Amino acid sequence: MKPAVQAKTPHLFAIKVLDKLPGLFKPRRYLYHCVRCKWSFVVNDGRRGALRPIPDNGTPLTRDEVVARAETFAAGPCPAMRVVAEAHLHANSNGHAPAHAETPAHSALGSR
């Protein structure tokens, strides 16, 4: 992938409508869950436009982790897609995967 394409690998969200907070003009809340990296975010939590990253395993997130996750919400990069992009960067300059990543079927075809 080209560097410009790598920067545009957003999350792929499944969205769930949550309950509305009590109050006359409170917004409806939404749970955004990335199906690639499994990160979750609650939108409109407490006030309109508020974003809160939710920890994966129940342990609290540090402030740095909250900020880092929130920065990726709108346009990415999704951490799962970062792994794919890094693997592609390690490919040979001719666009093929390194020799250790070839499957036996591919290497047998090349030896004919």
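For the numbers below, each heavy atom of this structure counts, side chains included, while hydrogens, waters and symmetry mates do not. Quick caveat, the model's predicted, so the values are computed rather than measured.
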Peer 1: Between Cys78 and His11, which heavy-atom pair has the shortest distance, and what is it?
Peer 2: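 Cys78 and His11 have their closest heavy atoms at SG-ND1, 3.7 Å.
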Peer 1: So Leu31 and Ser40, side chain to side chain contact (heavy atoms under 4.5 Å, CB included) or not? Walk me through it.
Peer 2: CA-CA 7 Å; Leu31 175 68; Ser40 297; 4.1 Å; yes
Peer 1: Using every non-hydrogen atom in the two residues, find where Pro27 and Arg48 come nearest and quote the distance to one decimal.
Peer 2: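 Nearest pair, atom of Pro27 first, then Arg48: CB-NH1, 3.4 Å.
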Peer 1: Closest approach of Lys26 and Lys20, non-hydrogen atoms and distance?
Peer 2: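 Scanning both residues completely, I find the closest heavy atoms to be O-CE, 2.7 Å.
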Peer 1: Any idea which heavy atoms bring Asn44 and Gly49 closest together, and the distance?
Peer 2: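 So the two residues come closest at OD1-N, 2.7 Å.
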Peer 1: If you take all heavy atoms of Ile54 and Arg69, which pair is closest and at what distance?
Peer 2: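 Looks like O-NH1, 3.4 Å.
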Peer 1: State which residue, out of Asp19, Val17, Val43, fulfils the side chain to side chain contact (heavy atoms under 4.5 Å, CB included) condition with Arg29.
Peer 2: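 Among the candidates, only Asp19 passes.
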Peer 1: Just to verify, which of Tyr30, Trp39, Phe73 counts as forming a ring pair (Phe, Tyr, Trp, His ring centres under 6.0 Å) with Phe13?
Peer 2: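 That would be Phe73; it is the only one of Tyr30, Trp39, Phe73 passing the ring pair (Phe, Tyr, Trp, His ring centres under 6.0 Å) with Phe13.
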Peer 1: Under a 3.5 Å cutoff, is there a donor and acceptor pairing between the side chains of Thr62 and Asp64?
Peer 2: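 Side-chain D/A pair, Thr62 to Asp64: absent.
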Peer 1: Between Val35 and Ile15, is there shared hydrophobic-cluster membership here, with clusters defined by ILVMFWY side-chain heavy atoms closer than 4.5 Å?
Peer 2: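 Unlinked, Val35 and Ile15 end up in two clusters.
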Peer 1: Please tell me if the side chains of Glu65 and Pro53 come closer than 4.5 Å, counting only heavy atoms from C-beta onward.
Peer 2: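 In short, these two side chains do not touch, never coming nearer than 4.5 Å.
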Peer 1: Judged by atom type as modelled, is there a donor-acceptor pair below 3.5 Å linking the side chain of Arg28 to the main-chain atoms of Leu18?
Peer 2: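 It does hold such a pair.
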Peer 1: Heavy-atom count check: over 12 atoms from other residues, nucleotides or ligands less than 6.0 Å from Lys16 NZ?
Peer 2: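 Count not over threshold, so no.
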